[in-house]
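Here is the structure we will look at, set down as structure tokens.
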Amino acid sequence: MKLTLEFGGGLELLCDSVKIHNVDVDQKDVEEKLTMKDLLVWVGKNLIKERPEMFMKGDTVRPGVLVLVNDCDWELSGQLDTLLEEKDVVVFISTLHGG
Amino acid sequence: MAGSEEESRIIREMESLNESKRKIDDEIRVLQARLLQIRQNNHSSKTYGNNLPAHHIYRYSRHLLLPSFGVEGQANLLNSSVLVVGAGGLGSPALLYLAACGLGRLGIVDHDVVELNNLHRQIIHSEAYIGRPKVESAAAACRSINSTTQIVEYKEALRATNALEIMSKYDVILDATDNAPSRYMISDCCVVLGKPLVSGAAVGLEGQLTVYNYNGGPCYRCLFPTPPPTTACQRCSDSGVLGVVPGIIGCLQALEAVKISAKVGDPLSGRMLLLDAMSARIRIVKIRGRSPQCEACGDTSPLTRQQFQKFDYESFTQSPLSTTPLKLKLLPGDARISSTEFNKKIKDAEPYVLVDVRPSHHYKIVSLPRSLNIPLSSLEDRLPEISSALKKEQECRGLESGRGTALYVVCRRGNDSQRAVEYLHKMGFSTAKDIIGGLESWTFDIDPNFPTY
């Protein structure tokens, strides 16, 4: 499944400072749809190069990270259970506090 | 010698002139306030569209000409008040626009003083105000733009103990602060008081903006019920910030505050604006609504005034309300050396290797002579370089002096250098010592001309 993954607010530093990743996530089973939960595992394995605790906590993202699926907060689409589709855009953004 | 005499004479003269200027400024301020009162009294008898006084018609004519804004919008602004918390990178442009737009009252809260390294982004301040409170500087700029808006100064840090009293006097609050505990505190206070909050943030080349607690929309805690780890909170003083980035977010904050105060348009509630300056992209995303389980604004047990005043925001977020840099103490005294002692070792021509563990882009700004840059993040992989540097130094200078080669570690402020020495001790470099207070202490104690940043 082809997806666009974007990292911002400093999270890009965890994946070689690259913000936009066009990826092809292999599905174990075509019948079974890819969920955000599956994607987080995939991202942890394939994109996060350092300090994984700055991205994940338990089986979800750490506090202070907003997850947006097609420009929409994943809280509105079922969080970890959100079903992903071909060409979806998933954004991981760390909230900023500076000014 | 004549040069330094001349220098101190000029400094003395400037100080005395500045003192006189300050007195004159104070007198002007008193006169301005009186003038404002007289004008308001004069105009109260004769008003025009939506009770706007005559001088407002001309001053704000371009607002009045906007069909979607008009006299109604302007009259709403005049009857409205906005509090800006933080007169820094975000607050500077926000305050300039808010002072200009025709509000009834504009409050400014900040406890900090103006510093030279603020000026590239905090555009409301100027060189003449270096060392003076940001609130004084910002208030003077606002008054010089518009003598008809009442400007209120709060030269103090906003805390849970004074926030209710200060914020209750305003209709709209702007969060232009720079740290996590302040953001939770300001949002909670807005929930308790039922005020809309225009929240902006900027670090590096990115910015974020949204409106909380507006018309049944979410508050900060609905989005972020659990505070982030302190290591995830980047600060402008560590990560850097391109001046215009907070400028853009601050302008957008002013825009949202004007829209809410004038009761026009569609405020950015339930949505968030994300600015990525490097790729010139602005994205507006939909965020969750108010959470019924929210600990601040939720249905079950909404936050009370008493709970708010007692809440410890610093321990909740594990970070201080003010942004004083961290001062770690990881090492015992015999594993550390002051910059004065280190300077003496250099003078005595003792053999040493100095490792600078700052990131390479910091090292490029300024560094001590004869230092070896190995950033903390790559220390693990580059230990052999330290071993060979020690060996080389011992061969060159250790043999002739008959002494062993010392290993010193330095960074910007003396925190990372301790982390590095802790690691080096573990890896067998048992004599490694860190320079207490880093390069900042070198400037402070040894060479005032060595640049700090």
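Just the heavy atoms: all of them, side chains too, but no hydrogens, waters or symmetry mates, feed the values below.
- Residue-environment remark: CZ (B/F224) exceeds the threshold of 12 foreign heavy atoms within 6.0 Å.
- Across all non-hydrogen atoms, the minimal contact from B/A232 to A/S94 is O-OG, 4.3 Å.
- If you measure heavy-atom distances from B/C236 to chain A, the contacts under 4.5 Å come from the side chain alone.
- No more than 12 heavy-atom neighbours from other residues, nucleotides or ligands sit within 6.0 angstrom of CD on B/E380.
- Proximity to chain B is limited to the side chain of A/K19, based on heavy atoms less than 4.5 angstrom apart.
- If you run side chain to side chain contact (heavy atoms under 4.5 Å, CB included) between B/L274 and each of A/D71, A/I93, A/L66, A/L96, only A/I93 comes through.
- Taking non-hydrogen atoms and a 4.5 Å limit, the residue list of residues 242-251 of chain B in contact with chain A is empty.
- With a 4.5 Å cut-off on non-hydrogen atoms, A/L11 does not touch chain B at all.
- For a residue to count as touching a neighbouring chain, one of its non-hydrogen atoms must lie under 4.5 Å from one of that chain's; by this rule B/T226 touches chain A with backbone and side chain alike.
- Of the candidates B/R288, B/R271, B/M272, B/R288 is the only one forming a side chain to side chain contact (heavy atoms under 4.5 Å, CB included) with A/D73.
- Here the closest non-hydrogen pair linking B/P227 and A/P63 is O-CB, 3.5 Å.
- A/E12 CD to B/E206 CD: the interatomic distance, rounded to the nearest 0.5 Å, is 5.5 Å.
- Closest of all the heavy-atom pairs between A/H97 and B/P228 is CE1-CG, 3.6 Å.
- Side-chain atoms of B/Q234 come within 3.5 Å of backbone atoms of A/G9 as a donor-acceptor pair (strictly under, hydrogens ignored).
- Contacts of B/Y184 with chain A are absent, with no heavy-atom separation under 4.5 Å from either backbone or side chain.
- Residues of residues 77-85 of chain A lying within less than 4.5 angstrom of chain B, judged on heavy atoms, are absent.
- More than 12 non-hydrogen atoms from other residues, nucleotides or ligands lie less than 6.0 angstrom from NZ of A/K49.
- When each of B/G204, B/P225, B/P229, B/S182 is scored by its heavy-atom pairs under 4.5 Å with chain A, the top score falls to B/P229.
- When each of B/L90, B/D276, B/I287, B/V203 is scored by its heavy-atom pairs under 4.5 Å with chain A, the top score falls to B/I287.
- Two residues are said to be in side-chain contact when any heavy atoms from C-beta on lie closer than 4.5 Å; B/R283 and A/V89 meet this criterion.
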